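Notes to accompany the following structure.
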Amino acid sequence: MSDSLAHARTAAVATAEVVLDGDVARPSRLTVADLRSRPQRSAAVAFECATSGVRHHRFTGPLLHDVLTAAEPAFDPARRKDRLRFLIAVSGADGHRTLLSWAEIDPDFGRAPVLLAVAMDDSPLDSAGPQLVLPQDRCGARYVSGITAIRVNGGYSAWT
Ligand SMILES: Nc1nc2c(c(=O)[nH]1)N[C@H]1C(S)=C(S)[C@@H](COP(=O)(O)O)O[C@H]1N2
Ligand SMILES: [Mo]
């Protein structure tokens, strides 16, 4: 393999991308650099891991709500009741997954300041991929790292 090709492959591996899609008008692929270009928040958090005890970290990144709102979910933003059937599925590279409800992060409902972290303890997450940060959680299991996909789903009516 030529040096330039090897370098290109290394660069491709070193820049993780998140697929943001589902019931949104503007699906996209986002790098950690894209997330860093949005307004940033910081959170010093503590969470308990069932296997390794209490962990303390400082995370920085945009609010998940801001990033998802920019993708224009398929609801009328002016109608609060429209948003209540929407779910958010967050997947990590290793298959670890969690669901949030839209209402959980909506400023009119649960107002949880959930972040899509671009850095943990001042170490950038550009190659690992962003990490979900839920300061309200006691347990660490929803802090999905190496996020590869975020899917918005407004299909609650399909379940009935
Ligand atoms: N992708 C991914 N993220 C994950 C997990 C996992 O298995 N895969 N485990 C979770 C669990 S159970 C905990 S407690 C925290 C641990 O985070 P830490 O090792 O950075 O303290 O990561 C969470 N995020
Ligand atoms: Mo854990």
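From a predicted model like this one, the values you see are computed outputs, not experimental measurements. Counting starts at 1 for both ligands and their atoms, in listed order.
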With only distance considered, is Asp94 within less than 3.5 Å of ligand 1 through an N or O on each side? yes

Can you tell me which residue and heavy atom of the protein come closest to atom 19 (O) of ligand 1, and the distance to 0.1 Å? Arg55 NH1, 3.8 Å

Does the side chain of Ser42 pick up a donor-acceptor pair with the side chain of Thr60 at under 3.5 Å? yes

Give the atoms of ligand 1, by number and element, whose distance to some non-hydrogen atom of His57 is under 4.0 Å. 20 (O), 21 (O)

Please examine the side chains of Ile147 and Leu132, heavy atoms only from C-beta on, and report whether any two atoms are closer than 4.5 Å. yes

On a heavy-atom basis, which atom in Leu115 and which in Gly61 lie closest, and how many Å separate them? CD2-O, 3.8 Å

Using a 4.0 Å cutoff against the non-hydrogen atoms of His96, which atoms of ligand 1 qualify? 1 (N), 2 (C), 3 (N), 4 (C), 5 (C), 6 (C), 8 (N)

Starting from atom 16 (C) of ligand 1, locate the nearest protein heavy atom and write down its residue, its atom name and how far away it is, to 0.1 Å. Phe47 CE1, 3.8 Å

Only heavy atoms of Ala141, strictly under 4.0 Å: list the atoms of ligand 1 that pass. 10 (C), 11 (C), 12 (S)

Between Thr69 and Asp66, a side-chain donor and acceptor under 3.5 Å: no

Validation row, ring centre Phe75 to ring centre Trp102 under 6.0 Å: yes

Salt bridge (charged side-chain N to carboxylate O under 4.0 Å, His left out), that's the test. Do Arg151 and Asp21 meet it? Break it down for me. CA-CA 5 Å; Arg151 300 210 146 89; Asp21 66 5; 2.8 Å; yes

Looking only at protein heavy atoms, which one is nearest to atom 13 (C) of ligand 1, and how far off is it? Gly140 O, 3.4 Å

Looking at non-hydrogen atoms alone, which of Gly53, Gly129, Ser145, Cys49 comes nearest to atom 3 (N) of ligand 1? Ser145

State the atoms of ligand 1, each with its element, that fall below the 4.0 Å cut-off from a heavy-atom position in Tyr143. 3 (N), 4 (C), 22 (O), 23 (C), 24 (N)

Search all heavy atoms of Leu125 against all heavy atoms of Ala117 and return the closest pair with its distance. CD1-O, 3.5 Å

